[in-house]
Amino acid sequence: MSSSNAPSFASMAALLLGFCVLSSLPELAMGITRHYTFNINNLTVTRLCHTRSVLSVNGQFPGPPLVAREGDRVIVKVVNHVTNNVTIHWHGVRQLGSGWADGPAYVTQCPIQTGQSYNYNFTVTGQRGTLLWHAHISWLRSSIYGPIIILPRRNESYPFQKPYAEKTIIFGEWFNVDPEAVIAQALQTGSGPNVSDAYTINGLPGPLYNCSTKDTYNLKVKPGKTYLLRLINAALNDELFFSIAGHNLTIVEADAVYVKPFETDILLIAPGQTTNVLLKTKPYYPNATFLMAARPYFTGQGTIDNTTVAGILKYTHPSHKSSPENLTLLKPTLPAINATNFVTNFSKKFRSLANPIYTATVPQTVDKKFFFVIGLGTFPCPANTTCQGPTNTTKFAASVNNVSFILPSVALLQAHFFGQSNGVYTTDFPVTPLVTFNYTGTPPNNTNVSNGTRALVLPFNASVEVVLQGTSILGAESHPLHLHGFNFFVVGQGFGNYDPNKDPASFNLVDPVERNTAGVPAGGWIAIRFLADNPGAWFMHCHLDVHTSWGLKMAWIVLDGPEPNQKLPPPPSDLPQC
């Protein structure tokens, strides 16, 4: 699929139908190779009566779906036609043996410069469901994003009722001004950045915003059917509650891993997370239409875009081509903005299927244990200047174990592969906090953090446990942590300070949820485990982009194993240069 016929959201059903037609053709069990071309261009878009140029892929906002089957090889040629440097990250794709294709700028690659191209080449291994792709440099993912749809292998079915149809719902954020200017100003002044002007569903803000009624996503359904909704949060900085008035949803998958199904009328989805749900429509034609709405969850002290995006669920009448007008519009009730109890109870419902077909390979023993304290902090204001951070002498910062990560000017993975780390990064990232304090209690007087490009080295196939402890410095808030190159199991979570003597007794080592992005609770902790079976340099960061910009990020270096297939291959010949 090239840029000339890249599918839009509207053609999604036709696209999937096309793949069904192809299923009659012979195919190797190993899967096929799918070719895409992603052209990065400027696109003029009007939302909320504001017209501006956004960066887009193939002239689409949001970008086109990347569709593959489990086991397929995917080659995406990304061509940069704009003045910005660009990379694309295939969020949640395991990238086993293909670390050069992961995409975060200055971690696995230098960015693609103007007029240049790069072929991302990877195989989808052991995953099925929904993921997302997005730009991974500065805040460019505000408009460069789209769905990854991984269908099961040929002749394999879903472990739940086959849906009548599938729809993709991707949440985003809209800024009336260029988000690059927003973050540039914030980093210069040390202040919190200006917030977005709207949230979007499939690029559309919906009827609750000014000048936006015509820009509303309509989901048309038939009575008595089951639909699979692929939900993706591609917003820059906000976790979102979502609900459809008058309907329950059955959650069946998270981050491209099947889960034990459970029913809910409200769900929370953090940036970078994906959730597949089954929507059972009413058995009869209802005399109403139904609002689908999303708004933020937030417990911090800063400003927030506290608005609501909405789409409309419409039943198509059997005797009409479209729904009659003047139907009652029913609205869902969403939790309060700071409804942490709901969030906690909701996140605890996720469990791996953990059956003989879809096993949960939770590390039962641990080779390497780490304790990471994450959260906000400060930098001193440069001499003879005034800043607009928490005080006029400080700038906002964020850190892991008091280290605010600085991206290098060459890619970590290249420096590691060629043994040229000197002057690029050090391998002395602290495995425990440099300063201990009451993490979720009264903050310390000194909130300054250090900075540097410090990585942690893991031997191949080490089983790893990381406890991620949130802090109350500058306000306790949830941090959706994303690990590149791996899925991890969330074996424990709690509020307050983690107790290494008591808390491990309650860990779930049987069927914990397996994810690539998980929220560290506001004023609490999570414990994750993973197997370091993927050699390379791997980013781990908060998926709230403002926190990433402030330094809430770090890198793992996973060493090669002894066998040929356990080694990082050399870089591709077209790898971009810095």
Side-chain angles (χ1 to χ4, degrees), residues 9-10 12-17 65 128-132 147 149-152 157-171 199-202 204 206-207 216-234 240-269 273-295 308-318 322-323 327-335 342 346 349-350 353:
F9 276 97
M12 203 49 234
L15 184 76
L16 291 170
L17 182 65
R128 67 226 49 95
T130 306
L131 295 169
L132 71 153
I149 294 170
I150 307 171
L151 303 170
S157 56
Y158 296 126
F160 46 81
Q161 177 187 351
K162 186 182 180 193
Y164 169 75
E166 303 184 5
K167 304 285 186 180
T168 299
I169 292 177
I170 187 161
F171 302 103
Y199 300 107
T200 57
I201 294 176
N202 294 353
L204 303 170
T216 299
Y217 174 68
N218 290 294
L219 176 61
K220 293 178 179 173
V221 297
K222 294 180 178 178
K225 303 290 186 186
T226 298
Y227 292 81
L228 179 70
L229 305 184
R230 299 176 179 272
L231 307 178
I232 301 167
N233 188 349
L240 295 169
F241 295 116
F242 174 71
S243 183
I244 302 177
H247 294 75
N248 281 350
L249 302 169
T250 302
I251 293 179
V252 293
E253 177 250 303
D255 292 1
V257 183
Y258 296 133
V259 297
K260 289 186 172 74
F262 68 94
E263 198 171 273
T264 184
D265 60 338
I266 300 165
L267 57 84
L268 178 81
I269 185 164
Q273 288 187 333
T274 55
T275 309
N276 278 7
V277 302
L278 296 178
L279 166 70
K280 270 201 169 117
T281 58
K282 298 182 183 299
Y284 52 88
Y285 176 80
N287 207 16
T289 55
F290 303 88
L291 214 60
M292 312 184 293
R295 76 169 184 219
T308 303
V309 59
I312 296 177
L313 178 76
K314 291 182 175 178
Y315 282 74
T316 52
H317 199 282
S322 61
S323 307
L327 294 176
T328 305
L329 179 63
L330 301 179
K331 300 178 181 179
T333 302
L334 289 166
F342 171 88
F346 176 74
K349 291 178 182 176
F350 285 83
L353 264 187

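When reading the values below, keep in mind they use all heavy atoms of this one structure, side chains included, and skip hydrogens, waters and symmetry mates.
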| message | Determine whether Lys282 and Tyr315 satisfy the following criterion, side-chain hydrogen bond (donor to acceptor under 3.5 Å, both in side chains), listing intermediate values before the conclusion. | response | CA-CA 9 Å; Lys282 298 182 183 299; Tyr315 282 74; 5.5 Å; no

| task | Check whether any side-chain heavy atom of Thr168 sits under 4.5 Å from a side-chain heavy atom of Thr130, and report yes or no. | result | no

| message | Using a 3.5 Å distance criterion without hydrogens, assess whether the side chain of Thr274 forms a donor-acceptor pair with backbone atoms of Asp255. | response | yes

| task | Look up atom OG1 in Thr316 and atom CG in Asn218, then write down how far apart they are to the nearest 0.5 Å. | result | 12.0 Å

| Would Leu329 and Leu291 satisfy side chain to side chain contact (heavy atoms under 4.5 Å, CB included), going step by step from the backbone distance to the final call? | CA-CA 7 Å; Leu329 179 63; Leu291 214 60; 4.1 Å; yes

| message | For the CZ atom of Phe171 and the OG1 atom of Thr200, what is their distance to the nearest 0.5 Å? | response | 9.5 Å

| request: Please examine the side chains of Thr250 and Thr226, heavy atoms only from C-beta on, and report whether any two atoms are closer than 4.5 Å. | output: no

| request: Calculate, to the nearest 0.5 Å, the distance between atoms NE2 and OH belonging to His247 and Tyr227 respectively. | output: 10.5 Å

| query | Do Ile169 and Ile232 touch side chain to side chain, with heavy atoms closer than 4.5 Å? | reply | no

| Validation row: Thr275, Leu249 side chains within 4.5 angstrom (heavy atoms) | no

| Are side-chain heavy atoms of Leu313 and Leu279 found at a separation under 4.5 Å? | yes

| note | Note: Phe290 and Pro286 closest approach over all heavy atoms is CE1-CG, 3.7 Å

| So, Arg295 side chain and Pro335 main chain: donor-acceptor pair closer than 3.5 Å or not? | yes

| message | Donor-acceptor check, side chain of Asn276 to backbone of Glu253, threshold 3.5 angstrom: yes or no? | response | no

| query | Under 3.5 Å, is there a donor-acceptor pair between the side chain of Thr289 and the main chain of Lys314? | reply | no

| field | Plane angle bin for Tyr158 and Phe160 - parallel if under 30°, tilted between 30 and 60°, otherwise perpendicular | value | parallel

| query | Which atom pair, heavy atoms only, marks the closest approach of Thr281 to Pro223? | reply | OG1-C, 3.4 Å

| request: Please answer whether the main-chain N or O of Leu334 pairs with a side-chain N or O of Ser243 as donor and acceptor at a distance below 3.5 Å. | output: no

| field | Exam field: side chain Asp265 to backbone Asn248, donor-acceptor pair closer than 3.5 Å | value | no

| query | Side chains of Ile251 and Phe350: closer than 4.5 Å at any heavy-atom pair? | reply | yes

| request: Start with the C-alpha distance between Leu219 and Leu229, add both sets of side-chain angles, then the distance that settles side chain to side chain contact (heavy atoms under 4.5 Å, CB included), and finish with yes or no. | output: CA-CA 10 Å; Leu219 176 61; Leu229 305 184; 4.1 Å; yes

| message | Distance check, rounded to the nearest 0.5 Å: Leu353 atom CG versus Tyr258 atom OH? | response | 9.0 Å

| said: For Gly311 versus Thr216, what's the shortest heavy-atom pair and its separation? | reply: CA-CG2, 4.2 Å

| request: To the nearest 0.5 Å, tell me how far Phe241 CZ sits from Leu267 CG. | output: 10.0 Å

| Atom of Gly129, atom of Arg230 and distance for their closest heavy-atom approach | O-NH1, 3.1 Å

| request: Search all heavy atoms of Tyr164 against all heavy atoms of Lys222 and return the closest pair with its distance. | output: OH-NZ, 3.0 Å

| query | What closest approach, in Å, do Leu240 and Ala294 show between heavy atoms, and which atom pair accounts for it? | reply | CB-CB, 4.4 Å

| message | If you count every heavy atom of other residues, nucleotides or ligands that lies below 6.0 Å from Lys280 atom NZ, does the total exceed 12? | response | no

| field | Value rounded to 0.5 Å, distance of NZ in Lys220 from CD1 in Ile312 | value | 11.0 Å

